[in-house]
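Please read the structure below before turning to the comments.
Lettering follows sequence order; numbering is per chain, from 1. Remember, it's a predicted structure, so these values are computed and weren't measured experimentally. What's counted below: heavy atoms across the whole structure, side chains too, no hydrogens, waters or symmetry copies.
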Protein chains: 2
Amino acid sequence: MKKLINAPEKVVEDMLTGMVAAHPQYVRKLSGYSCLVNPQSPITNKVGIVSGGGSGHEPSHAGFIGRGMLDAACAGNVFSSPTPDHFLEAAKVVDSGAGVLMVIKNYSGDLMNSQMAEEMAEFEGVKVTRVIVDDDVAVKNSTYTTGRRGIAGTVFVHKIAGAKAAQGADLDEVKRVAEKTVANVRSMGMALTPCIVPIAGKANFELAEDEMEIGMGIHGEPGITRCKLAPADEITSTLLEKIIQDLPFGKGDEVAVLVNGLGATPLMELYVINKKIAEICAEKGIRIHRTYVGEYMTALEMAGASITLLRLDEELKALLDAPADTIAFKQF
Amino acid sequence: MKKLINAPEKVVEDMLTGMVAAHPQYVRKLSGYSCLVNPQSPITNKVGIVSGGGSGHEPSHAGFIGRGMLDAACAGNVFSSPTPDHFLEAAKVVDSGAGVLMVIKNYSGDLMNSQMAEEMAEFEGVKVTRVIVDDDVAVKNSTYTTGRRGIAGTVFVHKIAGAKAAQGADLDEVKRVAEKTVANVRSMGMALTPCIVPIAGKANFELAEDEMEIGMGIHGEPGITRCKLAPADEITSTLLEKIIQDLPFGKGDEVAVLVNGLGATPLMELYVINKKIAEICAEKGIRIHRTYVGEYMTALEMAGASITLLRLDEELKALLDAPADTIAFKQF
């Protein structure tokens, strides 16, 4: 296992320490918890936005703490959900009295732990509600999931709910736009290589030198098909067709595009993918309002990429366009 | 070779097309040239800043085009310098009459081609001057280099020269702060794995499963030592000690830190490295003004990282802190 770490059991702690050291203006650590929060929390009259999940998806989720996105992020062990006490503490710290929205990806552990936190928070007088993101069109039900998996589309939920909260909207309104985002966002990914969970020390599956897996999840969950490596244009078409047919997206729709690297894929290759996305959307009369290319929701050192489309109306467009100032998502 | 590309000989063209499609507000392509420029070029009365080099280091260099950094970037073939006509055309397009600074990394091909462009530009009445970046303390002379190599510290030169130009300084002043940055910036990297140039189709060296190379260059040039993989803290100490001793950096110095991923290294691991950097700097009384962590100067899918320190005075600090709005470097 080739990793720049000190010890598998220390990697999340070391990472959080290094993150706070790098970006003290954006994040502080909650003592005794594996959570980072905006140092200005709670922000008066603002609905708090909390996200989190297993570590290994950086910059998700703490990289999105800051003005116009998240107030807190809970970091579980690698690919393992944070326990309820972490979600609860984060919610309590960011609550200004306006309540807290938790943005949760649809994995069994995250669902269970965040639900318990929601119930415990209610008991402590903090109003918490959740939105569950399940944007991955590849498979229904998966290794750790009932229903669809939540992947990179989650970042759009962070952005849009965060923008709405920054405008001073109440919890119901923030939840409404978050759910509207979930209803309009679709993603799918593919992998060229597996990744290695530090504590396991070895990859949990193998792909031959000429193989790829279409529809693979961000923890290495099985996809739709394992097949021979193909040219980028062909792979992009395969992913995008399935995404487009799912909602479905159609002629005249306006979308935001996210081309997300899974960890080891050069930015060069993500732009090669984006070339084909732009061509296909142009052919189909789907208008692209904004495109994001980079690493947003990774899977350690997995090589591969995912594509996300978000259908926009005027409300979502304005919220997507609103400024954000976080570690890994800055928009003027 | 597992890459998300269409054909090795098309990868740079496809990438540039995808980049313009993603970020038309930041970059347009010069027809007939492998160059991207700010669509607003030339900016009245502003010194133009041009950079470039071989492709494969994304987001360098086109990712830094925008307000407060570069006006243009020339993209050679992978790990191969752009020819003089590309540098010349870029300089001509961004010149407002105030002249152009080219920021060049110290590799023989880049030096030769940019020098020819400088001479040709003079012949055409465009005032061009260059700054050569050689921040890599690992080795003197290397595969493609006489003297030291230019690596991730180049990004600080882009930032500081770009900020000075944005303030309306003249060419001499912009060059002066760029050279001051070069004089105060030091970097060193290490690799866990090689990378594959698409047209070659295979790695140009191998590292055993338990080996790393300290001081490796961003094209896979040999470093100082090949040795057994060590804990991240130990690797960080090795790199940072050599960097600190070189300038030398000392007690009371104020610095900016850049922890740069080479392509396949998870952000998690870069933050683990930063934890140790912060500890060592605190021990030595070196004050950290700002820290950047992420992929800035990559080497395709190489796993590994580099560390850069820039010693700041009040002038450099103000220029580093100035706003920037580019594809891959945004600062409010």
Side-chain angles (χ1 to χ4, degrees), chain A residues 2-7 11-12 14-19 21-23 55-56 58-59 63 78 192-193 195 209-210 212 229 231-233 235 257 259 263-279 288 291-295 298 300-301 303-305 325 328 330-332, chain B residues 2-7 11-12 14-19 21-23 55-56 58-59 63 78 192-193 195 209-210 212 229 231-233 235 257 259 263-279 288 291-295 298 300-301 303-305 325 328 330-332:
Chain A
K2 281 197 160 177
K3 288 185 187 285
L4 293 167
I5 64 174
N6 291 303
V11 68
V12 173
D14 282 358
M15 169 183 72
L16 295 178
T17 304
M19 208 163 186
H23 315 293
S55 292
E58 291 70 28
V78 175
L192 294 174
T193 71
C195 58
E209 182 50 38
D210 62 346
M212 62 176 173
L229 185 59
D233 281 1
I235 295 169
V257 174
V259 187
T265 299
L267 197 47
M268 168 182 273
E269 299 177 23
L270 301 182
Y271 281 116
V272 171
I273 290 171
N274 189 57
K275 182 211 66 149
K276 187 65 179 176
I277 294 173
E279 286 171 8
I288 298 173
T291 301
Y292 300 89
V293 180
E295 293 183 346
T298 61
L300 297 168
E301 69 282 79
D325 185 10
K330 290 185 171 71
Q331 194 166 278
F332 285 83
Chain B
K2 281 197 159 176
K3 287 184 188 283
L4 293 168
I5 63 173
N6 292 304
V11 68
V12 174
D14 282 359
M15 169 183 73
L16 295 178
T17 304
M19 206 163 187
H23 316 293
S55 292
E58 292 69 29
V78 175
L192 294 174
T193 71
C195 58
E209 182 51 39
D210 62 347
M212 63 176 173
L229 186 60
D233 281 2
I235 295 169
V257 174
V259 187
T265 298
L267 198 47
M268 167 182 273
E269 299 178 23
L270 301 182
Y271 281 116
V272 171
I273 291 172
N274 189 57
K275 181 211 65 147
K276 188 64 180 176
I277 294 173
E279 286 170 9
I288 296 174
T291 302
Y292 300 90
V293 181
E295 293 183 346
T298 62
L300 296 168
E301 69 281 79
D325 185 10
K330 291 184 171 71
Q331 194 167 279
F332 286 82

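No donor-acceptor pair closer than 3.5 Å links the side chain of A/T265 to the backbone N or O of A/A305. Under the 3.5 Å distance criterion, the side-chain polar atoms of A/E269 are left unmatched by any main-chain donor or acceptor of A/L267. Side-chain atoms of A/K2 come within 3.5 Å of backbone N or O of B/L192 as a donor-acceptor pair.
In this structure, the portions of A/L300 lying under 4.5 Å from any heavy atom of chain B include both its backbone and its side chain. Proximity to chain B (any heavy atom under 4.5 Å) is shown, for A/E279, by neither the backbone nor the side chain. Residue A/V11 touches chain B through both its backbone and its side chain, counting heavy-atom pairs closer than 4.5 Å. Looking at A/I5, both its backbone and its side chain come within 4.5 Å of chain B, counting heavy atoms on both sides. A/A303 does not touch chain B: none of its heavy atoms, backbone or side chain, sits under 4.5 Å away. In this structure, chain B has a heavy atom under 4.5 Å from the side chain of A/I235, while its backbone stays farther away.
Note: A/M15 leads A/M212, A/K276, A/M15 in heavy-atom pairs under 4.5 Å with chain B. Chosen from B/A232, B/C195, B/G63, the residue pairing most often with chain A at heavy-atom distances under 4.5 Å is B/A232. The greatest number of non-hydrogen atom pairs below 4.5 Å with chain A, out of B/S55, B/A328, B/G263, B/G56, is found for B/G263. Looking only at heavy-atom pairs under 4.5 Å with chain A, the residue among B/A22, B/A278, B/P231 that has the most is B/A22. Taking A/V293, A/D325, A/T17 one by one and counting their heavy-atom pairs under 4.5 Å with chain B, the maximum is reached by A/D325. The candidate with the highest count of non-hydrogen atom pairs below 4.5 Å against chain B, out of A/K330, A/E295, A/E301, is A/K330.
The distance from atom OH of B/Y271 to atom CD1 of B/I277, rounded to the nearest 0.5 Å, is 12.0 Å.
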(request) Take B/N6 and A/K275 through the side-chain contact (heavy atoms from CB on, under 4.5 Å) test and state the conclusion after the steps. (result) CA-CA 11 Å; B/N6 292 304; A/K275 182 211 66 149; 3.9 Å; yes
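Between B/L270 and B/N274 there is no side-chain heavy-atom pair separated by less than 4.5 Å.
Looking only at atom types and distance, the side chain of B/Y292 has no donor-acceptor partner in the side chain of A/H23 under 3.5 Å away.
The shortest heavy-atom contact between B/K3 and A/L229 is N-CD2, 4.1 Å.
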